[in-house]
2 protein chains.
Amino acid sequence: MSKKEKIIKVASKYFSEVGYDKATLDDVAKEVGVSKAAIYYHFKDKFALYEAVLCSRFGELAKIIDKIDDSKPIEALREYIESFGKFLVDKPCFSAIFARELADGAMNMPASCSKQMSLNLQKLSKILQNGEAENLFEKENPFMVQMMIVTPLINYRTTKKLREVVMANLKDIKNIDVDLEDIIPNLASKIIKALKC
Amino acid sequence: MSKKEKIIKVASKYFSEVGYDKATLDDVAKEVGVSKAAIYYHFKDKFALYEAVLCSRFGELAKIIDKIDDSKPIEALREYIESFGKFLVDKPCFSAIFARELADGAMNMPASCSKQMSLNLQKLSKILQNGEAENLFEKENPFMVQMMIVTPLINYRTTKKLREVVMANLKDIKNIDVDLEDIIPNLASKIIKALKC
DNA sequence: CAACCTTTACTTACTCGTCAGTAAGTTTAT
DNA sequence: ATAAACTTACTGACGAGTAAGTAAAGGTTG
């Protein structure tokens, strides 16, 4: 792995753990084992490094989503949800970064990333439209459906510690802390049920 | 309104708009029309001010949720979702603060707030249990249901600008930008449908 | 083949702005 | 008179960004 790739990897860890503002390039440099100026050799500024992290992840995700065969609406919707979920499981840093970006109103999302998000939404929209044409689904606002899929999953990831606190407060509630992997097919079934005519 | 209340109000605006780190007490002081040191007269430090903002909001929400009559599960669940939605509509600053807090893993949520969140979850859990007892709902993980309710709504609020960008990218997708008010009953119906046996 | 540029990939050591937090003094109400 | 509610003017730290220098690798020319 090149130094540049290593910088992106470590930076994505820090951006994920503490957020853009609290992540310092001194820390990133230290962990990579280079000087801070080395980061500035590879990236124009802190934000450019953040863009590199973001774009690499959104690019991978868009590729996966694009491959989904949208001819069978219900199967396609399940695959859409499970592919997204699997991506979150595979890339543990992505959830927190994505969640913060949405919470922030995607204020500093580079155009190339929002374009790839748009493509994902276009795929979802097509699945929903096909389902509507076959009288399987009601007419829906695709952005709202996107929110129903994406936000519970990313925030389930980010709120592990909160669940522990809540469980300590409410001893009568059990089995709250299920793994994300087990949540995904459950959420997929619920969303499909909710959208079916 | 006292100076202290005014400081909380203005601070909640800034925390909501730019987040904890980027919100500066100089800006808050300027807008309130006091000196920065006046803030330190009322609050120990920046974080104590943030706690005050958070606690006042979570306190109000917990009061509203607590009043819900949980004897009729389906009506109660609808009321739970619509009450939460109405709260977001009424308190425009709350969505972004809550969304950031969840994205952050609720790392710096004061114990009093997480206690009130626990009470909300307890209410939801009771509604779901009653529904289960009457064979209306399947057995569910209440935290996951909470995520399904809370996260789409708060993030729908925070992503208004993102929707505009996406709409500009995909001209064939129309009517994405519906008001939050119109989304709430729709989401409530979908979640109830998803949870019903 | 060797003395010479040139580029790549960095390092060391610094500046400079910002912002949380404070010390000490001042006004206002009771 | 004295406590509450401030103000002015400051400090100190942190962290983004930079200037200037260097070591090594590769290419060019006499």
Side-chain angles (χ1 to χ4, degrees), chain A residues 1-56 93 96-97 100-101 103-110 113, chain B residues 1-56 93 96-97 100-101 103-110 113:
Chain A
M1 194 187 293
S2 74
K3 283 273 162 70
K4 191 175 177 179
E5 286 171 311
K6 214 171 173 188
I7 291 167
I8 291 179
K9 197 180 169 187
V10 172
S12 90
K13 198 194 88 180
Y14 276 93
F15 287 141
S16 156
E17 279 173 4
V18 297
Y20 181 82
D21 292 305
K22 280 182 181 148
T24 72
L25 298 189
D26 287 292
D27 285 345
V28 173
K30 209 173 181 181
E31 190 166 324
V32 173
V34 294
S35 69
K36 182 167 61 169
I39 298 176
Y40 283 89
Y41 174 76
H42 290 290
F43 302 96
K44 186 178 144 275
D45 52 22
K46 188 184 182 182
F47 187 68
L49 172 57
Y50 181 68
E51 284 187 330
V53 168
L54 221 59
C55 290
S56 80
C93 293
I97 293 174
R100 285 203 180 85
E101 203 55 53
D104 239 45
M107 290 298 280
N108 36 17
M109 184 169 277
C113 288
Chain B
M1 191 187 295
S2 74
K3 283 272 164 70
K4 191 175 176 178
E5 288 171 310
K6 214 171 174 187
I7 291 167
I8 291 179
K9 197 180 169 187
V10 172
S12 90
K13 199 193 88 179
Y14 276 93
F15 287 141
S16 154
E17 279 173 3
V18 297
Y20 181 82
D21 292 304
K22 279 181 182 151
T24 73
L25 298 188
D26 287 292
D27 285 345
V28 173
K30 208 174 182 182
E31 188 166 324
V32 174
V34 294
S35 68
K36 182 168 61 171
I39 298 177
Y40 282 88
Y41 175 76
H42 290 290
F43 303 95
K44 185 178 146 277
D45 53 21
K46 187 183 181 182
F47 187 69
L49 173 57
Y50 180 68
E51 285 188 330
V53 167
L54 221 58
C55 290
S56 81
C93 294
I97 292 174
R100 285 202 182 85
E101 204 55 53
D104 240 43
M107 290 298 280
N108 35 18
M109 184 169 278
C113 288

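Letters go in sequence order (proteins before strands), and every chain restarts at 1.
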> Who pairs with A:Lys22 by salt bridge (Lys or Arg N to Asp or Glu O under 4.0 Å), at least two apart in sequence or on another chain?
Replying inline: B:Asp21
>> Tell me the interatomic distance from B:Leu25, atom CG, to C:dG21, atom P, rounded to whole angstroms.
In response: 7 Å
> Could you give all pairs that pass the ring-ring contact (aromatic ring centres under 6.0 Å, His included) test and reach residues 2-39 of chain A, with sequence neighbours left out?
Replying inline: A:Phe15-A:Tyr20, A:Phe15-A:Tyr50, A:Tyr20-A:Tyr50
>> Can you measure A:Asp21 atom CG to D:dC14 atom P for me and round it to whole angstrom units?
In response: 17 Å
> With sequence neighbours left out, what residues match A:Ala48 under side chain to side chain contact (heavy atoms under 4.5 Å, CB included)?
Replying inline: A:Phe43, A:Lys44, A:Asp45
>> Please report the interatomic distance OG(A:Ser56) to CD(A:Glu51), rounded to the nearest 0.5 Å.
In response: 12.0 Å
>> Rounded to whole Å, how long is the line connecting atom NZ of A:Lys22 with atom P of D:dA13?
In response: 20 Å
With the criterion being N/O to N/O and under 3.5 Å, what pairs connect the protein with nucleotides 4-10 of chain D, and how long is each?
| from | atom 1 | to | atom 2 | distance (Å) |
| --- | --- | --- | --- | --- |
| D:dA5 | OP2 | B:Tyr41 | OH | 2.9 |
| D:dC6 | OP1 | B:Lys3 | NZ | 3.4 |
| D:dC6 | OP2 | B:His42 | NE2 | 3.2 |
| D:dT7 | OP1 | B:Ser35 | N | 3.4 |
| D:dT7 | OP2 | B:Ser35 | N | 2.7 |
| D:dT7 | OP2 | B:Ser35 | OG | 2.4 |

Tabulate protein N/O versus nucleotide N/O from nucleotides 25-30 of chain C, keeping only pairs under 3.5 Å, one per line.
none

> Within a strict 4.5 Å, meaning less than it, do heavy atoms of the B:Val34 and B:Tyr41 side chains meet?
Replying inline: no
> Once you round it to whole Å, what is the distance between P of C:dT11 and NZ of A:Lys30?
Replying inline: 15 Å
>> Output the rounded distance in Å from OH (A:Tyr20) to C1' (D:dG15).
In response: 12 Å
> With a 4.0 Å cut-off on heavy atoms, is B:Ala29 in touch with a base, just the backbone sugar-phosphate, or nothing at all?
Replying inline: nothing
> Between B:Lys4 and B:Ile39, is there a donor-acceptor pair closer than 3.5 Å when you use the side chain of the first and the backbone of the second?
Replying inline: no
> What residues, two or more places apart in sequence or in another chain, satisfy salt bridge (Lys or Arg N to Asp or Glu O under 4.0 Å) together with A:Lys36?
Replying inline: A:Asp26
>> If the condition is salt bridge (Lys or Arg N to Asp or Glu O under 4.0 Å), which residues does B:Glu31 pass it with, not counting sequence neighbours?
In response: B:Lys13
> Where along residues 44-56 of chain A does a heavy atom fall under 4.0 Å from DNA chain D?
Replying inline: A:Asp45, A:Lys46
>> Test of understanding: with side chain to side chain contact (heavy atoms under 4.5 Å, CB included), list the residues that count as partners of A:Lys6, not counting sequence neighbours.
In response: A:Met1, A:Val32
> salt bridge (Lys or Arg N to Asp or Glu O under 4.0 Å) with A:Asp27: which residues, sequence neighbours excluded?
Replying inline: none
> Nearest-Å distance, CG (A:Asp26) to P (C:dA13)?
Replying inline: 15 Å
> To the nearest angstrom, how far is A:Ile39 atom CD1 from D:dT18 atom P?
Replying inline: 14 Å
> Say you draw a straight line from CD1 of B:Ile8 to CG of B:Leu54; how long is it, rounded to the nearest 0.5 Å?
Replying inline: 11.5 Å
> Rounded to whole angstroms, how far apart are CG on A:Asp27 and P on D:dC14?
Replying inline: 12 Å
